[in-house]
Amino acid sequence: MKALVKRKPEQGIWMEEVPVPEVGPNEVLIKLEKTAICGTDLHIYKWDEWSQRTIKPGLTIGHEFVGRVVEVGPGVTGYKIGDRVSAEGHIVCGHCRNCRAGRQHLCPNTVGIGVNRNGAFAEYMTMPASNLWPIPDQIPSELAAFFDPYGNAAHCALEFDLIGEDVLITGAGPIGIIAAGIAKHVGARNVVVTDVNDYRLKLAADMGATRVVNVANQSLKDVMKDLHMEGFDVGLEMSGNPRAFNDMLDCMYHGGKIALLGILPKGAGIDWDKVIFKGLTMQGIYGRRMYETWYKMTQMVLTGFPLQKVLTHQIHIDDFQKGFDLMDAGKCGKVVCSWS
Ligand code: NAD
Ligand code: ZN
């Protein structure tokens, strides 16, 4: 079968012929319909410092997908051949304290598909049946393909009560754009989104953000004045940029709450006075809640949440290079690749 493999320890990704994986007990074999490109895939493509530390060459990448079950391993119940599924890409151990307490998103033994084991940029992949998420017929495959980052956005945005609150989102990557939509969907008052990329800020505005701010040439403080605001009640940090995080700390209202999703560089400094004297609450966010986040995002789409607004490019997998180039240039929302 064909798969996108990180073969060499250098920039690039290579389409190779690899064996179809064998299905083990409690697993299913999935024939991929669509795989979406994540920022993480771009990091691996570019072979940055994190990838060099984390990725073993020879890995099939990819973790955002939808496909159909084509083989069912021994012990699997609840799924049959032909079912259309996506899946939680974090495979947890099932026996640590957090797993046993129903807090699987906090399992310290998490293994990520497309990072620590072969992933979804392939014609076929195996998944533990317990990780599968069945996709209702009403949800098109091109949207189901990126439930993984939609789940990051939903997990982060729903961490704190947003009803009537003023929300600041730093970073209008695909996740920040979706989070802006969710914040409005659940009843936030003002949703302000910052970035340095006008193309992406426009997508955030289309998603329903009250105001978008290009911090390269506009002042967030001016926008707050315009909106008659003293500070933000909730912050969603979705850029991984230390400057953006410091802007956020500066603009939070006293007693505000921050959910941190963006991955900051090691040693990124912040002004701790802002945290302490404003009495801020900060919560790290990793992955998605299993499976409450999946439930909520499915129901939001089924009741009209316009997830399709972040989908800007659908390409054939043979054009994968074009997809990675688009991601690198930041001239896209979600890019979804089709296997047929
Ligand atoms: P992305 O890289 O596409 O988006 C980040 C955005 O931040 C970009 O559009 C960039 O232009 C913008 N940005 C850069 N400097 C900025 C500044 N000074 N102010 C405001 N915005 C600025 O990433 P994404 O796929 O949308 O993911 C968002 C973040 O979340 C990334 O850091 C990613 O690594 C991280 N992430 C975390 C988890 C988790 O489980 N914690 C999961 C997925 C992604
Ligand atoms: Zn565990």
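All heavy atoms count here, side chains included; hydrogens, waters and symmetry mates do not. First listed ligand is number 1; within each ligand, the first listed atom is number 1.
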Suppose I only count heavy atoms of [X] and a 4.0 Å limit; which atoms of ligand 1 are within that range?
| X | value |
| --- | --- |
| N152 | 40 (O), 42 (C), 43 (C) |
| T194 | 20 (C), 21 (N) |
| V215 | 19 (N) |
| V196 | 11 (O) |
| P174 | 3 (O), 26 (O) |
| G262 | 29 (C), 30 (O), 32 (O), 35 (C) |
| I285 | 39 (C), 40 (O), 41 (N) |

Should the pair [X]-[Y] be classified as a salt bridge under the 4.0 Å nitrogen-to-oxygen rule?
| X | Y | answer |
| --- | --- | --- |
| K221 | D250 | yes |
| E142 | K334 | no |
| K202 | D206 | yes |
| R211 | D226 | yes |

Mind listing the protein N/O/S atoms less than 2.8 Å away from the Zn ion (ligand 2)? Waters don't count.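 Hits for the Zn ion (ligand 2) below 2.8 Å: C93 SG, C96 SG, C99 SG, C107 SG.
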Hey, do the aromatic rings of H155 and H105 have their centres closer than 6.0 Å?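 Here the rings of H105 and H155 have centres that are less than 6.0 Å from each other.
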Nearest neighbour in protein (non-hydrogen) for [atom]:
| atom | value |
| --- | --- |
| atom 7 (O) of ligand 1 | S239 CB, 3.3 Å |
| atom 3 (O) of ligand 1 | R200 NH1, 3.0 Å |
| atom 19 (N) of ligand 1 | A244 CB, 3.3 Å |
| atom 15 (N) of ligand 1 | N241 ND2, 3.2 Å |
| atom 36 (N) of ligand 1 | L261 O, 3.9 Å |
| atom 11 (O) of ligand 1 | D195 OD1, 2.7 Å |
| atom 23 (O) of ligand 1 | G173 CA, 4.6 Å |

Classify the ring geometry of Y150 against F147: parallel below 30°, tilted from 30° to 60°, perpendicular beyond 60°.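 Plane angle over 60°, so perpendicular.
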Between ligand 1 and [X], is the shortest N or O to N or O distance under 3.5 Å?
| X | value |
| --- | --- |
| I263 | yes |
| Y286 | no |
| G39 | no |
| T170 | no |
| N197 | no |
| G176 | no |

Non-hydrogen protein atom less than 4.0 angstrom from atom 26 (O) of ligand 1: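 Given the 4.0 Å limit, the answer for atom 26 (O) of ligand 1 is yes, a protein heavy atom qualifies.
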Any protein heavy atom < 4.0 Å from atom 32 (O) of ligand 1: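 Within 4.0 Å: yes, protein heavy atom nearby.
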Contact between M229 and C251 at the side-chain level, heavy atoms closer than 4.5 Å - yes or no?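 Not in contact.
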Testing the 3.5 Å rule here: is there a donor-acceptor pair between the side chains of [X] and [Y]?
| X | Y | value |
| --- | --- | --- |
| W133 | E88 | no |
| S239 | E237 | yes |
| Q218 | D222 | no |

If the contact criterion is a heavy-atom separation under 4.0 Å, does P149 count as touching ligand 1?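 Outside the 4.0 Å threshold, so no.
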Check if G287 has a non-hydrogen atom at a distance under 4.0 Å from any atom of ligand 1.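 Yes, G287 has heavy atoms under 4.0 Å from ligand 1.
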Quick one: pull up [atom1] in [X] and [atom2] in [Y] and give me the separation to the nearest 0.5 Å.
| X | Y | atom1 | atom2 | value |
| --- | --- | --- | --- | --- |
| S86 | F65 | OG | CZ | 5.0 Å |
| C99 | N109 | SG | CG | 7.5 Å |
| R189 | L162 | CZ | CG | 13.5 Å |
| L59 | L4 | CG | CG | 11.0 Å |

Check whether more than 12 heavy atoms from other residues, nucleotides or ligands sit under 6.0 Å from atom [atom1] of [X], and answer yes or no.
| X | atom1 | result |
| --- | --- | --- |
| E22 | CD | no |
| E230 | CD | no |
| I276 | CD1 | yes |

Can you sort out the partners of V85 under side-chain contact (heavy atoms from CB on, under 4.5 Å), two or more places apart, ordered by chain and number?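 By the side-chain contact (heavy atoms from CB on, under 4.5 Å) rule, V85 matches I30, V69, Y79, D83, L132.
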Please determine whether ring pair (Phe, Tyr, Trp, His ring centres under 6.0 Å) holds for the pair F232 and Y253, giving the CA-CA distance in whole Å, both sets of side-chain angles, and the decisive distance to 0.1 Å. CA-CA 5 Å; F232 290 94; Y253 195 49; over 10 Å; no
Does ligand 1 have a heavy atom under 4.0 Å from the side chain of I175, from its backbone, from both, or from neither?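 Both the backbone and the side chain of I175 come within reach of ligand 1.
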Taking non-hydrogen atoms only, is M238 closer than 4.0 angstrom to ligand 1 via side chain, backbone, both or neither?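 Answer for M238: backbone.
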